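Being a predicted model, the structure only gives us computed values, none of them experimental. Positions are given from 1 along the sequence. The figures here come from the full heavy-atom set of this structure, side chains too, leaving out hydrogens, waters and symmetry mates.
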Amino acid sequence: MKKISFLVFAMVASLLLVTGCGKDKEVSTTGKEEESNGKTLRIVTDANYAPFEYLEGDKIVGFDVDFINAVAKEAGYEVKLESVGWDPIFVEIEGKRADVAISAITVNDERKQSYDFSVPYFLSTNKILVPEDSDIKSGDELKGNVIAVQTGTTGQEAVEKLLGKNHKDIKKFENNNLAIQELLKGGASAVVADNTVVEEYVKNNPDQKLKVVEDSKSFNEEFYGLMFPKGSELKSEFDKAVNAIYENGKYAEIYKEWFGTDPDIETLKA
Ligand code: ARG
């Protein structure tokens, strides 16, 4: 009798070993069981860019935050998100002190030389934020005006294309909120930044009497991507996870929560 129960015990124990029970398991968004390898990633952002990433008290919230949490969970990682500021994001990733950056970062050829990017996860374009009574109706009409931008963004780059590099009329700020403050206090006639950001600002601050001017001739379509140190193994894992949450509806759920409409996933995947 003793012999038999020992045998049963040994069989069960070896079965547990083989199946890997006892390790952390997590139910993923796809409903299938997935292993969490428990590794925590250091993820950096610049939480001054509502509705993508901003502070609510000392908590970082936004579309990007919900998105990266869903993607990381899908890929089996824990997230430690830190707001380090815009320029430092690039320094941290280049120095491999951070694993991933998410910050409404546009993927472009120049950045691709120094960093790796995930598949696209958001479509954007720059637009012009001006007072309601402004005469500015296009990118060309920014000439002769003082324009506020966030340093090192595609907004700065677009304005430089129109006014000239290092033009004296371009005022550069460390974050986009400071650029908007400059506009509000009359130190600039316009801010150029990502459409969703300026559109949300106008919607949420009706008392400021601002409007948004678009100009698809002056400003290109852009795609946001997750940014990794060059050669990072995380890229392929995260690409898979992004595609998984496109397929299983999680991306659409998050998108709808923030923007109230369905995303155009086909454009992102094209
Ligand atoms: N999409 C623009 C760029 O990549 C602006 C992003 C600014 N993001 C931020 N969190 N401040 O240049």
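- The closest donor-acceptor contact from the side chain of Asp194 to the backbone of Thr196 lies at 3.5 Å or more, if one exists at all.
- More than 12 heavy atoms of other shown residues, nucleotides or ligands fall within 6.0 angstrom of atom CD in Glu132.
- Each salt bridge (charged side-chain N to carboxylate O under 4.0 Å, His left out) pair with one or both residues in residues 49-71, not counting sequence neighbours, would appear here, but there are none.
- The nearest pair of heavy atoms linking Ser83 to Ala47 is OG-N, 3.0 Å.
- Taking the side-chain contact (heavy atoms from CB on, under 4.5 Å) definition, one finds that Ala241 meets it with Val71, Glu74, Ala75, sequence neighbours left out.
- Using cut-offs of 30° and 60° for the angle between ring planes, the Phe117 and Tyr115 rings count as perpendicular.
- When the shell of 6.0 Å around NZ of Lys269 is examined, it contains more than 12 heavy atoms from other residues, nucleotides or ligands.
- Under the rule for a salt bridge (charged side-chain N to carboxylate O under 4.0 Å, His left out), the partners of Lys230 that lie at least two apart in sequence or sit in another chain are Asp116.
- Classified by interplanar angle (parallel below 30°, tilted 30° to 60°, perpendicular above 60°), the ring pair Phe122/Phe52 is perpendicular.
- Residues that satisfy the side-chain contact (heavy atoms from CB on, under 4.5 Å) test with Val65, not counting sequence neighbours, are Ile60, Asn69, Leu81.
- Using the six-membered ring where Trp is involved, Phe259 and Phe63 have ring planes that are tilted, between 30° and 60° apart.
- With sequence neighbours excluded, no residue forms a ring-ring contact (aromatic ring centres under 6.0 Å, His included) with Tyr201.
- Alongside Phe173, the hydrophobic cluster contains Leu178 (criterion: ILVMFWY side chains under 4.5 Å).
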